[in-house]
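Worksheet: one structure, shown below.
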Number of protein chains: 2
Amino acid sequence: MKILTENTLFKGLTESQITDILSTAYHREKSFLDGEIIVHQGDVINNIGIVLSGNATGKKYTPDGEEIIVSNMKANSIFGDVLSGAIGFASPVTVQAVGPCRVLFIDYNQLLYSHHPLAHHVLQNMIQSISRKYFAQNKRMDILMLKSVRSKVLSYLEWQRQTKGTNTFAIDLDRRLLADFLGVERSALSRELSRMKADGLIDYHKNNFTLFI
Amino acid sequence: MKILTENTLFKGLTESQITDILSTAYHREKSFLDGEIIVHQGDVINNIGIVLSGNATGKKYTPDGEEIIVSNMKANSIFGDVLSGAIGFASPVTVQAVGPCRVLFIDYNQLLYSHHPLAHHVLQNMIQSISRKYFAQNKRMDILMLKSVRSKVLSYLEWQRQTKGTNTFAIDLDRRLLADFLGVERSALSRELSRMKADGLIDYHKNNFTLFI
DNA sequence: TCTGTTTTGTTGCTATGGCAACCTGATATA
DNA sequence: TATATCAGGTTGCCATAGCAACAAAACAGA
């Protein structure tokens with residue numbers, strides 16, 4: 001349980017305070033094998049999930065059956081918080097184990113309605129966590145709304161430069177995922193990257209990029 | 001202040017409970033004239049804003065200077081909640097008065113850290129409010145990711161049918177706003193709507209739509 | 001009712017990007 | 001070392017949709 005002290009949901013709390021709070025809300029640990037579904041798209045859930053070990057992905061399926069990876073989760077990632085918070089909403093994503101993984105589920109309502117003096121603190125952390133997810137999504141929306149592939153790529157790289165703080169940086173998406181993120185064809189992305197390199201705007205090799213502008 | 005009993009942030013509380021809670025957090029009411037800026041894009045704020053009367057819009061500007069209306073706010077709309085919740089984030093939007101309007105600002109931290117017994121309740125409402133905004137955004141992202149204008153329109157209309165519950169319904173966006181929402185050209189939207197009518201998929205007049213599929 | 005204004009529809013032109021198909025190079029595996 | 005596999009790059013074709021410019025309704029105000 002030591003890992004939870006690093007979790008954004010319990011940030012600022014000691015290990016004993018965390019176990020103390022958890023004693024007031026029903027929770028259980030569950031293990032999943034590679035490929036097992038943790039949450040189905042369409043499920044209505046009332047639990048917060050925390051990845052204790054291993055990895056999981058959030059995917060969704062477009063109307064025409066294409067699979068899109070929405071998020072990659074590793075240890076200490078939280079899911080189901082926004083979903084539980086909205087009350088009554090169906091999960092827009094399927095959460096699936098990538099390799100064996102362990103997940104801690106915490107009853108959302110009991111945690112929320114707990115009168116434990118520190119529950120307040122957890123709520124504040126939760127608001128912060130949800131708000132951050134909102135803005136991450138917001139950033140992506142801004143990019144998706146741009147019309148040309150080039151402007152999308154530039155906007156993305158500019159964003160990365162800002163968060164990384166250097167003109168040369170590695171991104172954590174491969175071409176397929178980057179194309180999905182930008183909402184373009186993988187081949188169209190490759191094509192535009194070449195053009196941008198030819199135009200002297202950027203340089204890149206694999207997932208290492210340099211921005212010249 | 002009676003209007004606040006209808007506000008999602010104070011849902012479930014009586015008028016006297018609301019004034020009671022407000023007494024623990026710094027708040028002020030402010031009036032704005034038509035066109036006045038309430039929040040500038042890029043501002044870092046620590047207040048929750050509630051529109052008491054009048055209307056306001058949330059706009060943002062694309063890299064190439066184009067103005068996009070992101071949201072329309074009326075009485076009891078809340079803004080700044082997600083922004084304050086994320087702590088340290090710059091506002092991605094400019095909030096501007098449309099006609100004269102009054103806004104109630106509440107200090108976010110004092111409301112959040114209040115030890116008032118009902119503050120917990122407000123926090124829960126806030127989580128719900130933010131989560132809902134997240135999912136509204138999420139829905140839009142799904143639509144923006146589709147490639148063709150037709151699929152975007154169909155996805156949007158299908159969504160409207162589901163929320164409205166009938167095959168015939170009025171939407172609350174005009175063509176300009178709908179085009180922005182879908183991330184397409186206004187003329188391209190009009191063109192595709194005509195085609196879809198010709199193909200017998202839909203019928204429409206102004207903002208009244210009927211879905212045949 | 002007339003007129004100015006705003007909203008919506010229409011249409012030709014053309015660049016863009018989706019699609020498909022294939023190539024190249026890297027990494028893994030036997 | 002040979003070969004299978006996978007990520008990334010390249011390219012031709014062509015429908016789609018952006019852009020611009022204009023037409024036609026719808027609406028508002030005098």
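In this text, all values refer to a predicted model and were calculated from it rather than measured experimentally.
Salt-bridge formation is detected for the pair B:R102/B:E29: a Lys NZ or Arg NE/NH1/NH2 atom is positioned less than 4.0 Å from an Asp or Glu carboxylate oxygen.
Looking at A:Q41 and A:V93, their side chains never come closer than 4.5 Å, going by heavy atoms from C-beta outward. Side chains of A:I50 and A:S77 form no contact here, defined as non-hydrogen atoms less than 4.5 Å apart. Between A:F89 and A:V82 there is no side-chain heavy-atom pair separated by less than 4.5 Å.
For the pair B:L146 CG and D:dT16 C1', the interatomic distance rounds to 15 Å; values are reported in whole Å.
Ring pair A:F32/A:F105 is perpendicular by interplanar angle, where above 60° counts as perpendicular and below 30° as parallel.
Two end axes, each from the C1' atoms of five base pairs, can be drawn for the helix from C:dT1-D:dA30 to C:dA30-D:dT1; they diverge by 40°, to 10 degrees.
A donor-acceptor contact under 3.5 angstrom links the side chains of A:E158 and A:Q162, judged on distance only. When only modelled atom types and interatomic distance are considered, A:K59 and A:Q96 share a side-chain donor-acceptor pair under 3.5 Å. A side-chain donor from one of A:S129 and A:D81 sits under 3.5 Å from a side-chain acceptor of the other.
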Check your understanding: What string of B, S and - do you get for nucleotides 6-18 of chain C, 5' to 3', if B is base contact, S is sugar-phosphate-only contact and - is no contact with any protein heavy atom under 4.0 Å?
Key -> --BBBBB----BB
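Looking at heavy-atom distances under 4.0 Å, B:H205 makes contact with sugar-phosphate atoms alone, never a base.
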